[in-house]
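The structure under discussion appears below in the form of structure tokens.
Side-chain atoms are counted along with the backbone in the values below, which use heavy atoms only and exclude waters and symmetry mates. First the proteins, then the strands, lettered A, B, ... as listed; each starts at 1. Quick caveat: nothing in here was measured; it's all calculated off a predicted structure.
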Amino acid sequence: MSIATEAVMKQEVYQVNGMNLWYGQHHALKNINLSIYENEVTAIIGPSGCGKSTFIKTLNLMIQMTPNVKLAGELNYNGSNILKDKVDIVDLRKNIGMVFQKGNPFPQSIFDNVAYGPRVHGTKNKKKLQEIVEKSLKDVALWDEVKDRLHTSALSLSGGQQQRLCIARALATNPDILLMDEPTSALDPISTRKIEELILELKDKYTIVIVTHNMQQAARVSDQTAFFYMGELVECDNTNKMFSNPKDQRTLDYISGKFG
Amino acid sequence: MNRKITDKLATGMFGLCAAIIAAILVGLFSYIIINGVSQLSFQFITTKSSAIAAGGGIRDQLFNSFYILFITMLITIPLGVGGGVFMAEYAPNNKVTDFIRTCIEVLSSLPSIVIGMFGLLMFVNLTGWGYTIIGGALALTVFNLPVMVRVTEDAIRSVPKDLKEASLALGVSRWHTVKTVLIPSAIPSIITGAILASGRVFGEAAALLFTAGLTTPRLNFTEWNPFSETSPLNIFRPAETLAVHIWNVNTQGMIPDAEAIANGGSAVLVISVLVFNLAARWLGTMIYKKLTAN
């Protein structure tokens with residue numbers, strides 16, 4: 001398949017055009033241009049403080065919780081600029097699930113954790129909720145491990161299980177996109193592998209953006225990789241191409257471990 | 001000095017501090033109980049107090065204490081929790097908020113006799129109610145509210161930020177996040193705060209002298225219509241609480257057994273506070289377990 005036809009087939013979910021972000025005086029994201037495609041995994045890599053977490057938090061506007069943040073430019077989500085147009089932030093976040101660095105289940109039962117989103121968004125029917133919970137937990141391969149203790153506290157799960165539970169919780173509101181902010185940075189290698197396998201399965205149904213410190217992880221799971229450095233998007237390309245033949249010297253230095 | 005010895009010394013110092021605190025508590029407690037226990041009897045807590053003759057009880061005073069506590073908490077808890085949630089979640093980070101916070105702190109450290117004088121002006125004279133339970137309860141609210149606000153604010157703030165983020169990222173509104181994530185997680189601390197506030201209310205005398213008064217009308221414990229003159233539930237009647245009664249018999253009592261009554265009353269007061277604390281703590285744990293499926 002030629003690159004041209006591939007580009008035509010790919011559906012853009014996000015299109016970022018000249019986006020800038022300031023924390024007070026600090027210019028944290030500088031003129032970012034980037035497209036994120038449907039049913040692909042986009043990995044965001046870069047050293048600490050490069051703006052990658054800031055970037056992923058703009059995608060569901062969670063960044064607006066931080067005081068003194070100023071945004072400019074275009075952040076098009078399904079064709080509308082969510083920085084300018086009046087968007088219903090509740091609807092937006094319903095469609096954009098997010099998973100954080102550390103598993104953060106609510107101090108409630110496993111069932112209630114997964115059912116939390118759907119309940120808030122109006123699903124009251126018990127049977128329907130049960131279906132959603134079962135499906136979401138199966139999607140993250142946690143069902144068999146917890147089906148006998150759905151009504152025990154989610155905090156009794158291991159770290160890896162908690163993180164998968166949080167992914168299930170995000171999937172339960174039936175989003176189109178899944179944002180993952182270093183989802184495995186607090187996990188052991190086996191749990192990490194499970195999450196990575198999960199990402200590869202989930203990308204059939206969801207568009208995934210993952211921030212990671214781990215370049216091997218980016219290489220294993222992603223289709224497209226974006227390298228951020230000091231608030232700039234240095235390079236964004238097909239993952240294989242970027243890791244085998246980066247265009248920018250800084251990218252080469254970073255992926256070959258010269259700094260990090 | 002050898003650092004191992006230093007370390008042992010520090011551990012010992014902290015242990016000593018803890019031991020002193022425990023000793024004071026146990027000592028005080030046993031002193032009050034031992035002095036008062038001979039007076040304790042079913043009759044003592046179910047007999048009306050007497051102004052002249054010996055052998056009076058503390059029935060009305062005990063009831064008044066609990067009733068004023070109940071009314072005070074009925075006002076304090078919703079207002080205090082609401083205020084605390086506002087301060088933690090909604091109040092903007094600016095000078096006005098800082099000013100309000102300072103006011104709250106000053107208010108909670110006002111001497112209770114001053115609150116009593118304020119209550120006398122506000123809830124007794126200005127309203128024209130005279131000495132009433134509601135006047136006493138409002139005066140107590142004035143100095144309990146800041147504690148409740150402060151405790152709630154701290155409790156809400158100490159809920160991990162991840163939980164709030166997780167909820168908001170699911171497209172859940174702020175109010176719903178407060179209701180379903182923040183308040184349930186903060187419940188144990190809020191209950192501890194409410195218990196501390198209750199203890200103060202229960203033992204408070206100075207603020208009640210001029211607001212709830214030093215007398216109790218003749219009560220008819222079979223009359224439960226709160227609007228009746230003789231009903232114990234009437235909030236517009238004067239009510240001498242147990243703590244006030246102890247102070248009263250000790251300083252101006254004319255009864256021959258004043259000391260025994262005061263000792264017995266103190267024992268009942270202390271035991272009530274203790275039982276109340278334990279019960280509230282147990283209740284808090286139960287609520288938390290129910291909310292969190294632990």
Side-chain angles (χ1 to χ4, degrees), chain A residues 56-57 59-68 88-122 149-156 162 165-166 169-175 178-181 186, chain B residues 85-98 100-101 152-192 281 283-294:
Chain A
I56 198 169
K57 280 189 192 148
L59 296 179
N60 63 349
L61 298 182
M62 281 295 277
I63 199 71
Q64 289 178 341
M65 266 177 69
T66 321
N68 293 326
D88 181 357
I89 215 155
V90 168
D91 275 342
L92 182 78
R93 289 184 186 154
K94 216 160 80 181
N95 290 328
I96 306 173
M98 186 160 196
V99 177
F100 298 84
Q101 277 188 28
K102 243 179 86 229
N104 53 357
F106 300 127
Q108 297 168 355
S109 73
I110 294 169
F111 185 93
D112 288 342
N113 261 280
V114 184
Y116 183 81
R119 264 189 193 138
V120 173
H121 298 308
R149 49 176 177 139
L150 287 176
H151 295 284
T152 58
S153 172
L155 301 180
S156 65
Q162 287 191 8
L165 179 70
C166 292
R169 182 176 65 189
L171 297 182
T173 59
N174 198 21
L178 202 52
L179 307 177
M180 305 176 115
D181 189 0
Chain B
V85 168
F86 175 80
M87 293 299 283
E89 272 301 304
Y90 294 88
N93 233 338
N94 59 23
K95 288 233 165 75
V96 180
T97 309
D98 287 346
I100 293 176
R101 196 168 285 129
T152 309
E153 182 183 353
D154 288 348
I156 296 278
R157 278 191 197 283
S158 66
V159 176
K161 208 172 125 247
D162 328 7
L163 293 184
K164 194 175 141 194
E165 278 186 341
S167 177
L168 292 174
L170 285 168
V172 173
S173 66
R174 197 159 166 197
W175 157 236
H176 210 92
T177 302
V178 167
K179 195 174 70 174
T180 52
V181 176
L182 297 182
I183 291 183
S185 304
I187 279 257
S189 317
I190 293 177
I191 285 181
T192 311
R281 224 164 267 270
L283 185 74
T285 317
M286 292 312 280
I287 293 175
Y288 184 70
K289 274 189 181 159
K290 188 145 174 44
L291 286 173
T292 61
N294 261 311

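In this structure, OG1 in B:T180 is found 10.5 Å from CZ in A:R119, a value given to the nearest 0.5 Å. Taken from CD in B:E165 to NZ in A:K57, the straight-line distance is 5.5 Å, to the nearest 0.5 Å. Of the inter-residue distances, the one linking A:M65 atom CE with B:K161 atom NZ reads 6.0 Å to the nearest 0.5 angstrom.
Annotation for B:N93: atom CG does not count as buried by contact number, only 12 or fewer foreign heavy atoms lying within 6.0 Å.
Proximity of a side-chain donor or acceptor of B:D162 to a complementary backbone N or O of A:N104 within less than 3.5 Å is not detected.
Between chain B and the residues A:M98, A:H121, A:K102, the largest count of heavy-atom pairs under 4.5 Å involves A:H121. Contact tally against chain A (heavy-atom pairs below 4.5 Å) for B:P184, B:S173, B:A166: the top residue is B:A166.
If you measure heavy-atom distances from A:P105 to chain B, the contacts under 4.5 Å come from the backbone alone. If you measure heavy-atom distances from A:I96 to chain B, the contacts under 4.5 Å come from the backbone alone. With a 4.5 Å cut-off on non-hydrogen atoms, A:Y116 touches chain B through its side chain but not through its backbone.
Of all the heavy atoms in A:V90 and B:G171, the pair that sits closest is CG1-O, 3.0 Å.
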Item to check | Derivation and outcome, side-chain contact (heavy atoms from CB on, under 4.5 Å), residues B:S167 and A:F106 | outcome: CA-CA 9 Å; B:S167 177; A:F106 300 127; 3.8 Å; yes
Item to check | Residues B:L170, A:K94; criterion side-chain contact (heavy atoms from CB on, under 4.5 Å); working and verdict | outcome: CA-CA 6 Å; B:L170 285 168; A:K94 216 160 80 181; over 6 Å; no
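Within the structure, no pair that satisfies the ring-ring contact (aromatic ring centres under 6.0 Å, His included) test touches residues 156-189 of chain B, not counting sequence neighbours.
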